[in-house]
Student: 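Supplied in structure tokens, the structure appears directly below.
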Amino acid sequence: MKNIIIVGSGKGIGLATAKILSEQNKIIGISRTENPELNHPNIEFHQMDILSGNLDEITFPEVVDGLVYAPGSINLKPFNRLSIDDFRNDFEINVAGAVKIIQKLLPNLKKSESASVVLFSSVAAKLGMPFHTSIAASKNAVEGLTKSLAAEFAAQKIRVNAIAPSLTDTPLASNLLSTPEKKEAAAKRHPLQRVGTAEEIAEMTAFLVSDRSSWITGQIFGIDGGMGSIKL
């Protein structure tokens, strides 16, 4: 049984990932949001804001085999309405929080025989999309972090990959999918004519944490209904 840390396990993709991985692994979940669905014998939950919380308050396993950093943000505004604080907040959530937990757990990850770190980018890091400047900037930073850490940690056999979803039906995206009309419009923007589900992204996350992906590192995986690669 592996020890896997999931930050952002309270809802959305992090919650779906915790459900899948808890069947065969020991999960330590960290999230601002407590969720009764995390009531599972293999899940130890800690309610904490990753940015402001003190990680020393959590007793982590000596060996950590997997780390999933799932918090994110969707802050869509015209560029001239974005403040410096908007850019700073998106960077803090998407990048600085990941750096904080990776630095904390690096000694534990090094003790694993096959450690894996999974981060989250966005299709907006690949495509130029209106009103996405702040989130695209921070998600491109995530992709740079992923590749740099994959190179730096390769000697310790720690793999680092990222998933870049398009719009996914999660609480984070609820405002963008709040009506049937919005859902239909969002679906039509994707070659596969629908938005993604948290479970679909979680399945890929579980694969990247597992030994089945043991020869994969430094990669960005677009799970986006074809949006990032196909034009119809």
Side-chain angles (χ1 to χ4, degrees), residues 1-22 25-73 85 87-121 138-139 141-150 152-153 155-163 170-172 202 205-206 208-210 217:
M1 184 174 284
K2 291 189 173 187
N3 296 316
I4 299 172
I5 315 302
I6 301 177
V7 182
S9 60
K11 56 187 177 181
I13 294 168
L15 175 61
T17 301
K19 288 180 179 179
I20 292 172
L21 289 175
S22 63
N25 302 278
K26 171 67 176 178
I27 307 298
I28 292 181
I30 303 171
S31 180
R32 293 181 302 177
T33 306
E34 190 169 6
N35 194 312
E37 295 182 60
L38 292 172
N39 186 16
H40 187 283
N42 288 343
I43 299 177
E44 175 188 325
F45 178 75
H46 297 268
Q47 189 168 10
M48 176 182 290
D49 186 320
I50 188 66
L51 294 173
S52 60
N54 181 5
L55 291 173
D56 291 336
E57 295 177 357
I58 301 174
T59 302
F60 291 102
E62 183 178 355
V63 177
V64 171
D65 303 292
L67 169 59
V68 177
Y69 184 81
S73 59
D85 282 341
F87 281 89
R88 186 177 291 115
N89 290 339
D90 280 340
F91 187 88
E92 288 283 326
I93 293 168
N94 291 285
V95 185
V99 169
K100 180 179 178 179
I101 189 68
I102 293 169
Q103 288 185 332
K104 172 65 177 178
L105 294 179
L106 185 56
N108 312 65
L109 290 162
K110 287 180 177 179
K111 293 178 182 178
S112 172
E113 295 181 359
S114 57
S116 173
V117 176
V118 181
L119 306 178
F120 284 89
S121 179
S138 65
K139 291 301 191 181
V142 170
E143 295 194 4
L145 180 68
T146 298
K147 294 176 182 179
S148 295
L149 290 182
E152 187 168 336
F153 294 168
Q156 285 82 42
K157 302 296 188 291
I158 301 172
R159 299 181 295 109
V160 186
N161 295 287
I163 297 172
T170 66
L172 186 64
T205 308
L208 290 174
V209 168
S210 76
T217 194

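All of these numbers come straight from a predicted model, not from anything done at the bench.
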Student: Go through the structure and list residues passing side-chain hydrogen bond (donor to acceptor under 3.5 Å, both in side chains) with Asp85, not counting sequence neighbours.
Tutor: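 With neighbours one apart ignored, the set is Arg88.
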Student: Between side-chain atoms of residues 90-99 and protein atoms elsewhere (two or more places apart, or another chain), which donor-acceptor pairs fall under 3.5 Å?
Tutor:
| unit_1 | atom_1 | unit_2 | atom_2 | d |
| --- | --- | --- | --- | --- |
| Asp90 | OD1 | Ser73 | OG | 2.8 |
| Asp90 | OD2 | Ser134 | OG | 2.5 |
| Asn94 | OD1 | Lys139 | NZ | 2.7 |
| Asn94 | ND2 | Ser73 | OG | 3.0 |
| Asn94 | ND2 | Asp90 | O | 2.8 |
| Asn94 | ND2 | Ser138 | OG | 3.4 |

Student: CD1/Ile43 to CD1/Ile6 distance, rounded to the nearest 0.5 angstrom?
Tutor: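 It is 7.5 Å, given to the nearest 0.5 Å.
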Student: Supply the atom-to-atom distance Ile27 CD1 to Leu38 CG, rounded to the nearest 0.5 angstrom.
Tutor: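 One gets 10.0 Å once the value is rounded to the nearest 0.5 Å.
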Student: First locate atom CG of Leu145, then atom CD1 of Ile102, and finally report the distance between them rounded to the nearest 0.5 Å.
Tutor: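 Reported to 0.5 Å precision, the distance equals 5.5 Å.
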Student: Could you tell me if the side chain of Val209 sits less than 4.5 Å from the side chain of Ile4, heavy atoms only?
Tutor: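 Heavy-atom side-chain distance check passes, below 4.5 Å.
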Student: Looking only at heavy atoms, what is the nearest atom pair of Lys100 and Leu51, with distance?
Tutor: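 Smallest interatomic distance, heavy atoms only, reads NZ-O, 3.2 Å.
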Student: Could you report the tightest heavy-atom contact between Ile28 and Pro61, atom names first, then the distance?
Tutor: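 Shortest heavy-atom separation between Ile28 and Pro61 comes out as CD1-CD, 3.3 Å.
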Student: Give the minimum heavy-atom separation between Ser210 and Lys2, together with the two atoms involved.
Tutor: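 That would be C-NZ, 4.3 Å.
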Student: Under 3.5 Å, is there a donor-acceptor pair between the side chain of Ser121 and the main chain of Glu143?
Tutor: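 Here the side-chain-to-backbone pair does not exist.
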Student: To the nearest 0.5 Å, tell me how far Lys157 NZ sits from Ser112 OG.
Tutor: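 That separation rounds to 12.0 Å.
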Student: Over all heavy atoms of both residues, which pair between Leu55 and Phe60 is shortest? Give the atoms and the distance, please.
Tutor: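 Taking Leu55 first and Phe60 second, the nearest heavy atoms are O-CE1, 3.7 Å.
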Student: For Tyr69, which of Ile30, Val118, Ile50 qualifies under side chain to side chain contact (heavy atoms under 4.5 Å, CB included)?
Tutor: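 Filter result, single survivor: Ile50.
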Student: Between Arg32 and Asp49, which heavy-atom pair has the shortest distance, and what is it?
Tutor: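 That closest heavy-atom pairing would be CD-OD2, 3.4 Å.
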Student: Verify side-chain contact (heavy atoms from CB on, under 4.5 Å) between Glu57 and His46, making sure each step is shown before the conclusion.
Tutor: CA-CA 10 Å; Glu57 295 177 357; His46 297 268; over 6 Å; no
Student: Could you tell me which non-hydrogen atom of Phe45 sits nearest to which non-hydrogen atom of Thr33, and how far apart they are?
Tutor: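 Minimum heavy-atom separation between Phe45 and Thr33: CZ-O, 3.3 Å.
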Student: For Gln156 and Leu106, what are the C-alpha separation, side-chain angles and deciding distance, and is it a side-chain contact (heavy atoms from CB on, under 4.5 Å)?
Tutor: CA-CA 10 Å; Gln156 285 82 42; Leu106 185 56; over 6 Å; no
Student: Calculate, to the nearest 0.5 Å, the distance between atoms CD1 and NZ belonging to Ile58 and Lys104 respectively.
Tutor: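 Taking CD1 in Ile58 and NZ in Lys104, the distance rounds to 9.0 Å.
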Student: Is the shortest side-chain heavy-atom distance between Met1 and Asn42 below 4.5 Å?
Tutor: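 Yes. Closest side-chain heavy atoms under 4.5 Å.
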Student: Quick one: pull up OG in Ser114 and CG in Asp65 and give me the separation to the nearest 0.5 Å.
Tutor: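 These two atoms lie 6.0 Å from each other.
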Student: Name all pairs fulfilling the side chain to side chain donor-acceptor pair (under 3.5 Å) condition that reach into residues 3-22, sequence neighbours left out, sorted by first residue then second.
Tutor: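 Side chain to side chain donor-acceptor pair (under 3.5 Å) check on residues 3-22 returns Lys19-Glu37.
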Student: Is it true that atom NZ of Lys147 has more than 12 heavy atoms of other residues, nucleotides or ligands lying nearer than 6.0 Å?
Tutor: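 No, the 6.0 Å shell around NZ holds no more than 12 heavy atoms from other groups.
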